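Scope of the values below: all heavy atoms of this structure, side chains included, with no hydrogens, waters or symmetry mates. This is a predicted model, so every value here is computed, not measured.
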Amino acid sequence: MYLRFVVGTNRDCPTTQAGVVAELRMLRDSGRLPDYEVEHVEEIFEHINEVLPCPPFEANDWSPEAISWFKDSAQDMIRTFRELVALLEEYGRPVRTLVTDQPGTILYEDEFQVVAESEYF
């Protein structure tokens, strides 16, 4: 099973919705977060950058339909992202968790995630 967190409602297309990291960066940069939350967010971002590999989107000629999905075995990273989701929801940003057994054609894979291209998402 694969999971993806997207910011938006079920009326929005998942390939065009912002991810939780990008949305939280925008929220942080807006100045709406108190200093203690900014510090906590920065710690989470640092942890993500240290642990989660960055898929080579720019080095490949993948279509815009290529999106990242967490493997359900990546429980620690999923918990980390759920912290980000909770903070976004606290500030009125709707977040959905998409779940699928068939993310599409897998273009990249690591211990935590896949990047897959699908005509359905």
Side-chain angles (χ1 to χ4, degrees):
M1 184 176 353
Y2 301 92
L3 295 92
R4 177 172 172 76
F5 302 103
V6 293
V7 179
T9 67
N10 62 358
R11 292 182 299 252
D12 301 318
C13 176
T15 60
T16 61
Q17 292 177 325
V20 295
V21 171
E23 188 73 18
L24 197 49
R25 281 189 178 128
M26 289 186 285
L27 181 60
R28 176 201 62 196
D29 295 347
S30 74
R32 292 187 53 210
L33 296 178
D35 290 343
Y36 73 91
E37 284 185 337
V38 169
E39 186 176 315
H40 183 64
V41 166
E42 292 300 328
E43 289 171 359
I44 294 173
F45 285 168
E46 187 175 310
H47 172 71
I48 290 169
N49 288 332
E50 288 174 1
V51 176
L52 186 65
C54 185
F57 281 96
E58 293 181 15
N60 290 286
D61 192 24
W62 295 337
S63 77
E65 285 78 33
I67 55 177
S68 298
W69 294 85
F70 279 115
K71 295 177 177 180
D72 61 357
S73 59
Q75 289 299 305
D76 288 339
M77 192 54 62
I78 291 169
R79 271 191 291 280
T80 298
F81 269 70
R82 288 195 191 280
E83 280 188 63
L84 300 178
V85 167
L87 188 56
L88 286 169
E89 289 175 339
E90 185 177 318
Y91 283 85
R93 305 297 205 283
V95 180
R96 293 188 300 145
T97 303
L98 307 178
V99 179
T100 187
D101 287 329
Q102 299 177 12
T105 303
I106 295 177
L107 307 171
Y108 168 87
E109 183 172 0
D110 62 42
E111 174 184 353
F112 304 96
Q113 64 193 330
V114 298
V115 174
E117 184 177 59
S118 173
E119 61 189 67
Y120 303 109
F121 291 101

Shortest non-hydrogen separation from A116 to P103 and the atoms involved: CB-O, 3.5 Å
Are L24 and M77 grouped together when hydrophobic residues (ILVMFWY) are joined by side-chain heavy atoms under 4.5 angstrom apart? yes
When you group the ILVMFWY residues by side-chain heavy-atom contacts below 4.5 Å and let the links chain together, are I78 and V99 in the same group? yes
What pair of heavy atoms forms the shortest contact from S68 to P55, and how long is it? OG-CG, 4.1 Å
Trace of the side-chain contact (heavy atoms from CB on, under 4.5 Å) decision for T97 with R82: CA-CA 10 Å; T97 303; R82 288 195 191 280; 4.1 Å; yes
Using distance only, find each side-chain donor-acceptor pair of residues 106-115 under 3.5 Å and give its atom names and separation, not counting sequence neighbours.
residue	atom	partner	partner atom	Å
Y108	OH	D110	OD2	2.8
E109	OE2	K71	NZ	2.8
D110	OD1	F112	N	2.7
D110	OD1	Q113	N	3.0
D110	OD2	Q113	NE2	2.9
Q113	NE2	P53	O	2.7

Report the distance from atom CG of N49 to atom SG of C54, rounding to the nearest 0.5 Å. 8.5 Å
Look at the side-chain heavy atoms of Ile, Leu, Val, Met, Phe, Trp and Tyr, link any pair under 4.5 Å apart, and say whether F5 and M1 land in one connected group. yes
Listed by chain and number, what are the ring pair (Phe, Tyr, Trp, His ring centres under 6.0 Å) partners of F70, not counting sequence neighbours? F81
Using atom types as modelled, flag every donor-acceptor pair under 3.5 Å from a side chain in residues 32-48 to any protein atom, sequence neighbours excluded.
residue	atom	partner	partner atom	Å
E37	OE1	Y91	OH	2.6
H40	NE2	E83	OE1	3.0
E42	OE2	R28	NH1	2.5

Would you say V51 ends up clustered with V21 if hydrophobic residues are merged whenever their side chains have heavy atoms under 4.5 Å apart, either directly or through other cluster members? yes
